[in-house]
Amino acid sequence: MSIVPKETIEVIAQSIGIGNLSPDAALALAPDVEYRMREMMQEAIKCMRHSRRTVLTVDDVDGALSLKNVEPVYGFAFGGPLKFKHAIGYKDLFYVDDKDVDLKDVIEAPLPKAPLDTSVHCHWLAIEGVQPAIPENAPVQVLAAPVEGKKQDQKDDGLPIDIKLPIRHVLSRELQLYFEKITELTLRNPESALFKEALVSLATDSGLHPLVPYFTCFIADEVSRGLSDIPLLFAVMRVVQSLFHNPHVNVEPYLHQLMPAVVTCLVAKRLGKRLSDNHWELRDFVATLVASICKRYARTYSTLQSRLTKQLVNSFLNPKHVLPTHYGAIQGLAALGPNMVRLLILPNVEQYLKLLEPEMLLGVQTSKIKRFEAWRVYGALLRACGQCVYDRLKVLPPFPSTPPGPLWKCNARVVTPLSRKHKLNGDHLEQQSPSKRMAIDDSVTSPPIDSITDNNNAPGEATASTALCNASKIPENSGEATTSTDATGKEEVKENGFVASVRVSAIHRQIWKDDLDSGRLLISLFEMFGESILPFIPSPEMSIFL
Amino acid sequence: MEEEEIEKLVTAYLKKRGFKDAELAFQEELHRHPKNASASAGAAAAAGGSGALSDPDVAKLVQLFSESKSVPEQYHDGYGRLRSWAHDSLDLYKHELLRVLYPVFIHCFMDLIAQGHLHEARIFFNSFRDDHAMMHSGDLLKLEGVLSPSHLEEMEFAHYLRNTKATIKICQYSYELLLQYLHKTQSFTMLGIINERINFQVSPGQPTSLSDDVGVETIFTTDDATKINPKEIQWGLLEDSLEDRFEKGAFSPLEADKGEGEAKEAEQDDNKKRSGEGKQGNAIKKSKKDKAAAAAVKNSRTEANTVSTAPRVKAELTLPVMSTEVEQSILEDLRNRVQLSSTALPSVSFYTFVNTHNGLNCSTISQDGSLVAGGFSDSSLKVWDMAKLGQQSAVLQGENDMNNGEHAGPLGGRRSYSLYQGHSGPIHAVTFSPLGDFILSSSADSTVRLWSTKLNANLVCYKGHNYPVWDVQFSPVGHYFASASHDRTARVWSMDRIQPLRIMAGHLSDVDCVQWHPNCNYIATGSSDKTVRLWDVASGECLRIFVGHRSVILSLAISPDGRYMASGDEDGTIMVWDLSSGRCITPLMGHASCVWTLGYSCEGTLLASGSADCSVRLWDVTTSTKTPRNEEKSGSTGRLRSLKTLLTKSTPVYTLQFSRRNLLFAAGALSKGA
């Protein structure tokens, strides 16, 4: 008879620890519970009315409870409606979905942005009974000319007004002039010092927000029109960069319009009129720009990065696309950070290189330009992978003791000729066939390993400590060098006959195991790229590797 | 029928109805006067609910009671039949007969509850509630929760309904129809309720027309209203008021010329003074506007002014003395006043609170519009000086020009307002003193606090109410103020005493709003019991009860001539009342949601209302509030009309106020959800 079923009363009783509530009691309590609830709601609505609201909040209910001298319900705050979940197995039992929150997460979470302070703004709602068509007023049917420039001026102060701009808003004359000047500079003489000043102004001026949609439009137009004009594209991209740098401008609502234009500059088939145009540089610049945009809006626009990477990977993996497009995609992904490279490029590198290698050959069917492009792409890929490896190795834990002097010395000795050779190779690379190059690679790589083993044997007799240290390193070295040579490394240890080393190596094996992955990665990369990957390896790790 | 049988039946009936005392008395009586039994049976039956009926009727009735169906069924069937009869009755009398249904319905339900037939009561309620849902949804919601006899005792509303008789105006013929029906069908339960609970005002002649049905909601009124309302009130303005003097001065021919010259001087002075004081932004805008209109107004001023025609009364309170400087500035304002009418609408300056995070509970604007105060749910009170606000941003702009690198916030990290902290609960009302040097705030912590805008400090804390204080208002002359609270009282205070001067008790529920009469002798209060009352400040007596609203009253305004009052309720209805007669002149419909605030223009021609539906509406209140001076006009415009709806941009209007120069200020918090 009451809208509160007696089961509810039973559940409540159980929840406060009364197990043996008789059904009669529950039945008798139900009507009273309903009455009290209604009473509470009546009081809460009073509180709501006196707070000049039309939506009931938790605070109002708390107010009502305190009016009735009842302890408030703790733990509920106004943050939108509560979500009730259906309890499985019961027909009409619901509960509030209360997630466990890790205190650590709460503590470590960055402080939320401080809310803006309350402020008051004044405007004319009506002048002698007529509503002026200003942004502060609700849009009216009849659009009159702006009544006075005053209102717009106020907007320019960059006050954090939360008022949404209306569909039709009027730009002040100053802003119009500003926009014209900037666009003119961008189009006519992007080299001038004035343009640099303009960029600074774009990046710092606080009143530019009303212009953002216009700039967005301008940028999209210019990019689609001027794909053959590299200096123009550069200028436009600089404008984009400045806009993104401006802390007072919120570009986010326009990102979906801006990003296509920017990404076009990154992965377009052809940029510039002549072949000699340095579109590589533009792509590099745009790649960093894209990465910075992603970083800045990752939080507010969560799908931005995933959409972008999807597009980039698509253009990277599509063999039909031309090489400059691949180049742009690789650069873009690389700029997004080593993790992106590891996730999206590395799994595909081997296949891709197979595609790329014929292009790099000094063959008949490929033109010189194509080959140049291929080498460019190769370089970009190498850089990306190298950075990734570097990033992995960098985080390796440092070794307990520094390597002894002799080892360093011999490393240095080995490395220097190597790099020199590499340089040499680099000079001649274009003329060399890949097979030949590989051969060189092999010849270059094999001796250092030998030399290290030699060196290991040599200082082995010197002191116990150094030997210990070396011995401990051997398995790692060998392990990283080739997965299969793990055994050989151990054999060597045994050959050297240092029993003590076994204990230390056991400790280090633990670390080594963790790093096995990066080790493997390095090896596979090494197999693919040859020794040109080596400069990317930080020197201490390099020593291990060698 | 044998007497003995009757005796038996009577005893059985009394037992069944649980009239133990009556039963005992009856038995005793029987023993004492065995002969006189039938007479006493008649008396006992009368107690049972049916009045003067002849002997055989009594027997029948008693028999009926003793053998009939169970009690709940009687109610259910009886009401059901009454209902279908009323619906089938003649169209001419139908609406009058339908009026009877609601009180019968309510009392049937409460009877059932009181007798403990809870389940049946619920069924009864649910089967017939839809009939009344449109007219009385609020009451039904309240009653719906009543589920046990103890709730009836506890609930103020039910208590009130039980203790008051419904008053229904009905024509002679309808009344007879009803009685005839009740007797014919022998539905004594219904007859009992109708006799007990309804007070018929039978009028001879034709039934009232449907359009006059405004009074339907007024069914449940205390007899007090009719008793109290004839009392005399002096609604006139204070004699020798400044306005009075101004009017007189302006009308003498010599002064008029001088006045012209003076006005020009005043304008210049005005400018100087304003620039000197640094009152920027708003004040200057205002003065510009006002000036333009002032010239035009000068000529029209000669027309009769409502204010000047109002009778004069003596002040009952000792009034504070005004300094000559203040007097001068007020006179200047009066000189520059824009004459408003249905054709000359006011300019509205709107203050928007942004970033309030749902925390703004109330706001108020000082008389000249230079100060804006907001009371927040976090117990803080913030006051913005609009003049300073203008300066600050100007200074900051200069700074920005000088060094571009520095980008402090628009206010340089400093607060743009002065913050008053002291309350320990949400603030529900704020009011400025007429001169703007004091602020009063009332809070859920049951206190009222007085703040000085000059010292930026709390001066006094007035403790007296026991529950949240919903509203506080300064009197038009300052010094005195009135507060309204959840404890169902309104209190009148003076600034220099910490105890209230008067306690106005009488409302049956929360007092939600309070307003001063311009002559300071009366205050009006609006309450959750859906009535507005007018109280005499000097005696503390209730002088008028205004009944007619269908929901909680949220705002009040009294016209500057002191004759009319407007009240706005939760449903968006505004009612305009004649204070002297206590009658509603007309309801003003148009707002879709709560009317938070009302304001009369200075000459009383326009009424402005601000609502939760994000609009300011302007109403013409001249046409019918004025006595029909122009006879040709009065024929067509019997009702007041809406002149203009000014929509804000998702900003509910919390407060509005006409300045002395008839510029309308309004304020509200921007709410995105709205």
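Every heavy atom of this structure was used, including side-chain atoms; hydrogens, water molecules and symmetry mates were not.
Ion pair A/Lys46/B/Asp510 flagged as a salt bridge, since at least one NZ, NE, NH1 or NH2 atom sits closer than 4.0 Å to an Asp/Glu carboxylate oxygen.
Both the backbone and the side chain of B/Thr648 come within less than 4.5 Å of a heavy atom of chain A. For B/Ser528, the part lying near chain A is the side chain, with the backbone staying farther off; criterion is any non-hydrogen pair under 4.5 Å. Of the atoms belonging to B/Pro426, not a single heavy atom falls under 4.5 Å from chain A. Proximity to chain A (any heavy atom under 4.5 Å) is shown, for B/Thr597, by neither the backbone nor the side chain. Interface remark: B/Asn126 contributes no atoms to any contact with chain A (heavy atom separation under 4.5 Å). Looking at B/Glu570, the atoms closer than 4.5 Å to chain A (heavy atoms on both sides) all sit in the side chain, from C-beta outward. Within the 4.5 angstrom heavy-atom criterion, only side-chain atoms of A/Arg36, from C-beta onward, approach chain B. For B/Val616, the part lying near chain A is the side chain, with the backbone staying farther off; criterion is any non-hydrogen pair under 4.5 Å. Looking at B/Leu664, there are no atoms closer than 4.5 Å to chain A (heavy atoms on both sides), in backbone or side chain. Both the backbone and the side chain of B/His428 come within less than 4.5 Å of a heavy atom in chain A. When heavy atoms are compared at a cutoff of 4.5 Å, B/Ser377 does not approach chain A at all. Heavy-atom distances place the side chain of A/Arg38, and not its backbone, under 4.5 Å from chain B.
Looking only at distances, no side-chain donor or acceptor of A/Ser201 sits under 3.5 Å from a matching main-chain atom of A/Glu197. Within the 3.5 Å criterion, the main-chain N or O of B/Asp487 finds a donor-acceptor partner in the side chain of B/Ser485. Without hydrogens or angle criteria, A/Gln42 side chain to B/Lys142 main chain gives no donor-acceptor distance under 3.5 Å. Judged by distance alone, with hydrogens and angles left aside, the side-chain atoms of B/Ser349 form no donor-acceptor pair with the main-chain N or O of A/Trp124 at under 3.5 Å.
In this structure, A/Ser22 OG and A/Lys6 NZ are separated by 10.5 Å, a value rounded to the nearest 0.5 Å. Expressed to the nearest 0.5 Å, how far CE of B/Met386 lies from CG of B/Leu371 amounts to 9.5 Å. Considering CH2 of B/Trp596 and SG of B/Cys513, their distance stands at 11.5 Å, rounded to 0.5 Å.
Residues B/Leu554 and B/Val595 have side chains not in contact (no heavy-atom distance under 4.5 Å, counting atoms from C-beta outward). Between B/His486 and A/His50, the closest side-chain pair of non-hydrogen atoms is not below 4.5 Å.
Listed options B/Tyr654, B/Phe376, B/Tyr467, B/Trp384 were ranked by heavy-atom pairs under 4.5 angstrom with chain A; first place goes to B/Trp384. With chain A as the partner, the residue from B/Val146, B/Leu345, B/Asn361 showing the most heavy-atom pairs under 4.5 Å is B/Asn361. Your options are B/Cys594, B/Gly359, B/Gly668, and the one with the most heavy-atom pairs under 4.5 Å with chain A is B/Cys594.
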